[in-house]
Amino acid sequence: MLDMKFIRENADFVKKAITKKKTVVDIDKMLALDSKRRDIIHNVEDLKKQRNQASANIAKKKKANESADSVIAEMKKVGEQISNLDGELRDLDQQIKDIATWIPNLPHESVQEGGEDDMVIVREWGEIPEPTFKVLPHWEIGEKLGILDLEAATKISGSGFYLLRGLGARLQRALVSYMLDTHAADGFEEITAPYIVTEDSMFGTGQLPKMEDDMYKTTEDGMYLIPTAEVSITNIMKKEILDGKDLPIKMVGYSPCFRREAGAAGKDTRGMIRVHQFDKVEMVKVVHPDTSYEELEKLVAQAEKILQGLKIPYRVGTLATGDLSFAAAKCYDIELWASGVGKYLEISSVSNFESFQTRRMNCRFRNDEKKVQFPHTLNGSGVALARLIPAILENYQNEDGTVTIPEVLVPYMGGIEKIG
RNA sequence: GGAGAGGUGGCAGAGUGGUCGAAUGCGCACGCUUGGAAAGCGUGUAUACUCACAAGGUAUCCAGGGUUCGAAUCCCUGCCUCUCCGCCA
C-alpha cells in the first residue's frame with residue numbers, strides 16, 4: 001500500500017513508476033474519488049460538530065427541566081443528513097480501496113528498467129564445473145538412487161509434486177537444519193508459524209488481491225495455504241506498534257510452500273524444479289527505514305552464506321522493474337548452477353518492500369522522537385529446497401552414479417558421506 | 001461441536017443512554033525536593049483523519065450493522081479470549 005498523501009502530491013511520479021512495473025491502475029480515477037471524499041468529510045464533520053454541540057445543549061436543558069423538543073426536532077434532520085453522507089463516504093472509501101490495493105510498490109531508483117531478460121548480474125561466485133562424464137539430471141539420478149520418487153508423488157497428488165525417500169528425505173531434513181542453524185547463529189530468531197492463514201494476512205504481505213489465482217484456498221473457511229513462510233512470519237508484526245530500540249528484528253522459519261502455479265502450465269514440468277508444494281527456509285527482517293537498503297545487502301549475503309557453505313557456484317542479479325513482484329521495491333535473485341540440467345536455477349529471492357507491507361499490515365514503530373512510523377520489511381529465501389536438492393544431486397554427482405554429501409551436511413546426515 | 005462468561009487506554013480496573021477520549025491505581029516521561037536515591041509533590045502520558053502550519057474539528061471503549069436528537073452504555077451479527085462438557089494427536 002502506498003501513502004495516499006504521497007500519491008496525491010506525486011501523481012505523475014507514481015503513474016510513471018507503475019508503468020515501469022508493467023502494471024495498469026487508474027490513478028486519476030482514484031484521485032477524483034479521493035477529492036470527492038475529502039469534500040464530504042468536511043461537510044459531514046461540520047454537521048457532526050453541530051450535533052455534538054446540540055447534544056450537550058439538550059443534556060443541559062433536560063437537567064434544568066426545560067423543553068428541548070425544538071432542538072431535538074432539528075437534530076433529527078441533521079442526523080439524517082449525517083447518515084446519508086456517512087453512507088456516501090463508506091461507498092467512496094470502498095471504491096478508493098478497490099483501486100489502491102491494486103497499486104504495486106514503486107521500484108527503487110537504483111533498479112534498472114526492463115523485463116525478465118534485463119536482470120543485471122552483480123556478482124558470481126565459484127567455478128562452473130566442467131564434468132568429464134555425462135551428469136544425469138536430478139530426476140534420473142534421484143530415481144536411480146531410490147531417493148526421489150516422482151511416480152509415487154504423481155499417484156498421490158497428481159502432477160507437480162515430488163516425494164523424497166530414504167536418504168533423499170534425510171538430505172532435505174539435513175539441509176533444513178543446516179540452514180536454520182546457520183541463520184540462528186547469525187542472530188535470526190527461529191520461528192515455526194501457521195501454514196494456513198487468513199485472507200487478512202495474505203493481504204498484509206501483498207499476495208492478495210493480485211495473486212489470488214496462484215493461491216490454494218480452503219472452501220469452508222476461506223483460509224489460504226501460504227505460498228511462502230514470509231506471509232506468516234511477517235504478519236507476526238501485523239497491527240503492532242514496535243519499540244524502535246528493537247529494530248532490526250530478524251526472524252527465520254522453515255515451512256512448506258503451496259503454489260498453484262496457475263500461469264505456468266507446461267514450464268519445467270520434469271523433476272522438482274516447478275512444483276505445487278516445496279519446502280523453504282525464509283528469512284524476514286523488520287528494520288528502520290533509514291537502514292533498509294544496507295539491510296538488503298546483508299540479507300543477500302546471508303543467503304549466499306548458505307550456498308558458499310555448500311560450495312555450489314551461483315550468481316546474484318538485480319531484477320528489472322517489470323520483473324519485480326507486486327510488493328517489492330528492489331529484489332536480488334540468486335541463481336544456482338545445476339550441471340545436470342545445465343542451467344542456473346533461481347533459488348533465492350531477496351527483496352526490500354520498504355513500507356509497502358507495513359502499511360498494509362498497519363505495523364508501526366516508535367522512533368527516537370516517540371513518533372510512530374512505518375518500518376521497512378525485507379525477506380529472502382535462505383533457501384528453497386526444491387531447487388537446492390536438484391543442484392546438489394547434479395553438482396555433487398560422481399561418475400559411478402553416487403552422490404557425495406557436501407561436507408557441511410555430513411554431521412547432519414549422521415556421518416554419511418555419500419549416497420549410493 | 002454443546003453450554004456459559006467476557007472483550008474499555010502500556011497494564012490493572014471503574015463506568016448501564018447525556019457535557020466520556022473515558023474516573024482511579026500502576027507503569028512511563030519531565031520538573032520540584034535530595035549530597036545522591038527512595039518516598040513525597042506537581043505536570044504530562046493514545047491513534048488516525050481533516051488542515052499549509054498552529055489552532056480548531058471529527059472519529060476511535062474487539063469489528064460491522066441497528067435503535068436514538070444523543071451510545072463505551074440498549075439490540076443484532078461476526079471475530080477473539082476464558083471456563084465446563086464432548087471429541088481428539
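Letters A, B, ... mirror the listed sequences (proteins, then strands); counts begin at 1.
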Handout entry: A:R37 with A:D93: basic N within carboxylate O range, under 4.0 Å
Key = yes
Problem - salt_bridge(A:R8, A:D3) N-O dist < 4.0 Å - result: no
Practice task
Apply ring-ring contact (aromatic ring centres under 6.0 Å, His included) to A:F353 and A:H376, showing your working.
Solution key: CA-CA 7 Å; A:F353 304 99; A:H376 286 187; over 10 Å; no
Practice task
Rounded off to whole Å, could you give me the CG-to-P distance for the A:D93 and B:A63 pair?
Solution key: 16 Å
Every protein N/O within reach of nucleotides 65-67 of chain B N/O, cut-off under 3.5 Å:
residue : atom : partner : partner atom : Å
B:G65   : OP1  : A:R90   : NE           : 3.2

Problem - Protein-nucleotide distance (A:K77, atom NZ; B:G70, atom C1'), rounded to Å - result: 18 Å
Practice task
Measure the distance from CG on A:L92 to P on B:U50 and round it to the nearest whole Å.
Solution key: 14 Å
Practice task
Flag this pair as yes if the NZ/CZ of A:R259 is under 6.0 angstrom from the six-membered ring centre of A:Y216 and inside a 45 degree cone about the axis; otherwise no.
Solution key: no
Handout entry: B:G4 pairs with, by Watson-Crick or G-U criteria that keep both distances under 3.5 Å
Key = B:C82
Problem - Identified pairing partner of B:C74, criterion: Watson-Crick or G-U wobble below 3.5 Å - result: B:G66
Completion exercise
Answer for the Watson-Crick or wobble partner of B:G56, both distances under 3.5 Å, is B:U50
Handout entry: Test side-chain hydrogen bond (donor to acceptor under 3.5 Å, both in side chains) applied to A:D186 - qualifying residues, sequence neighbours left out
Key = A:Q302, A:K305
Practice task
Name the nucleic acid region contacted by A:K60, choosing base, sugar-phosphate or nothing; use a 4.0 angstrom heavy-atom cut-off, strictly under.
Solution key: nothing
Problem - Residues A:E261, A:R274: salt bridge by 4.0 Å N-O rule - result: yes
Practice task
Check the surroundings of atom CG in A:D368: do more than 12 heavy atoms from other residues, nucleotides or ligands lie under 6.0 Å from it?
Solution key: no
Problem - Charged N-O contact under 4.0 Å between A:K311 and A:E407 - result: yes
Handout entry: Closest-nucleotide 5' rank along RNA chain B - winner of A:I72 and A:V372
Key = A:V372
Problem - A:M272 and A:H138, any side-chain heavy atoms less than 4.5 Å apart - result: yes
Problem - Over 12 non-hydrogen atoms of neighbours within 6.0 angstrom of CD in A:Q277 - result: yes
Handout entry: Paired nucleotide for B:G9 [Watson-Crick or G-U wobble; both distances under 3.5 Å]
Key = none
Practice task
With P as the reference atom in both, quote the distance from B:G1 to B:U16 in angstrom, rounded to an integer.
Solution key: 35 Å
Handout entry: Results of side-chain hydrogen bond (donor to acceptor under 3.5 Å, both in side chains) for A:R165 - residues two or more places apart only
Key = A:D149
Problem - Residue matched to B:C28 through Watson-Crick or wobble contacts both under 3.5 angstrom - result: B:G44
Handout entry: Proximity to RNA chain B (any heavy atom under 4.0 Å), residues of residues 354-368 of chain A only
Key = A:R364, A:R366
Handout entry: NZ/NE/NH1/NH2 to OD/OE distance under 4.0 Å, A:R360 and A:D200
Key = no
Problem - A:Q112 atom CD, over 12 foreign heavy atoms within 6.0 Å - result: yes
Handout entry: Atom-pair distance (CG on A:D39; P on B:C49), nearest Å
Key = 18 Å
Completion exercise
Partner of A:Y293 under side-chain hydrogen bond (donor to acceptor under 3.5 Å, both in side chains), picked from A:K298, A:K330, A:E354, is A:E354
Short N/O separations, protein against nucleotides 27-30 of chain B, under 3.5 angstrom:
none

Problem - C1'-based separation of B:U47 from B:G40 [nearest Å] - result: 34 Å
Practice task
Using the C1' atoms only, state how far B:G17 lies from B:A72, rounded to an integer number of Å.
Solution key: 11 Å
Exercise for the section: Check step by step if ring-ring contact (aromatic ring centres under 6.0 Å, His included) holds for A:F356 and A:F326. Expected result: CA-CA 10 Å; A:F356 192 79; A:F326 181 70; 5.5 Å; yes
Completion exercise
Of A:I58 and A:K371, the one whose closest nucleotide on RNA chain B sits nearer the 5' end is A:K371
Fill in the blank from the handout: Rounded to whole Å, CG of A:D86 lies from C1' of B:A71 at a distance of 15 Å
Fill in the blank from the handout: The nucleotide from B:G18, B:C51, B:A48 with an atom nearest the side chain of A:R38 is B:C51
Handout entry: Whole angstrom value for the distance that separates C1' of B:C49 from CG of A:D34
Key = 12 Å
Exercise for the section: Please state the P separation for the pair B:G7 and B:C74 - nearest whole angstrom. Expected result: 11 Å
Problem - Atom-to-atom span, CD1 of A:I40 to C1' of B:U50 - whole angstrom - result: 14 Å
Problem - Base partner of B:A39, which must satisfy Watson-Crick or wobble distances under 3.5 Å - result: none
Handout entry: Minimum heavy-atom distance A:L171-A:M413, with the two atoms named
Key = CA-SD, 3.7 Å
Practice task
Select base, sugar-phosphate, or nothing to describe what A:V78 touches, counting heavy atoms under 4.0 Å on all strands.
Solution key: nothing
Fill in the blank from the handout: Considering only heavy side-chain atoms of A:K49, the closest of B:U50, B:U58, B:G18 is B:U58
Problem - Between B:A63 and B:G4 - P atom distance, rounded Å - result: 25 Å
Handout entry: Euclidean distance for C1', B:C79 against B:C26 (whole angstrom)
Key = 30 Å
Problem - Inter-nucleotide P distance (B:C41, B:U24), Å rounded - result: 14 Å
Problem - A:N43 CG - B:U50 C1' separation (whole Å) - result: 13 Å
Exercise for the section: Take atom C1' in B:C53 and the same atom in B:A39, then report the distance between them in whole Å. Expected result: 44 Å
Could you list all N or O pairs between the protein and nucleotides 59-62 of chain B that sit under 3.5 Å apart?
residue : atom : partner : partner atom : Å
B:A59   : OP2  : A:N52   : ND2          : 3.4

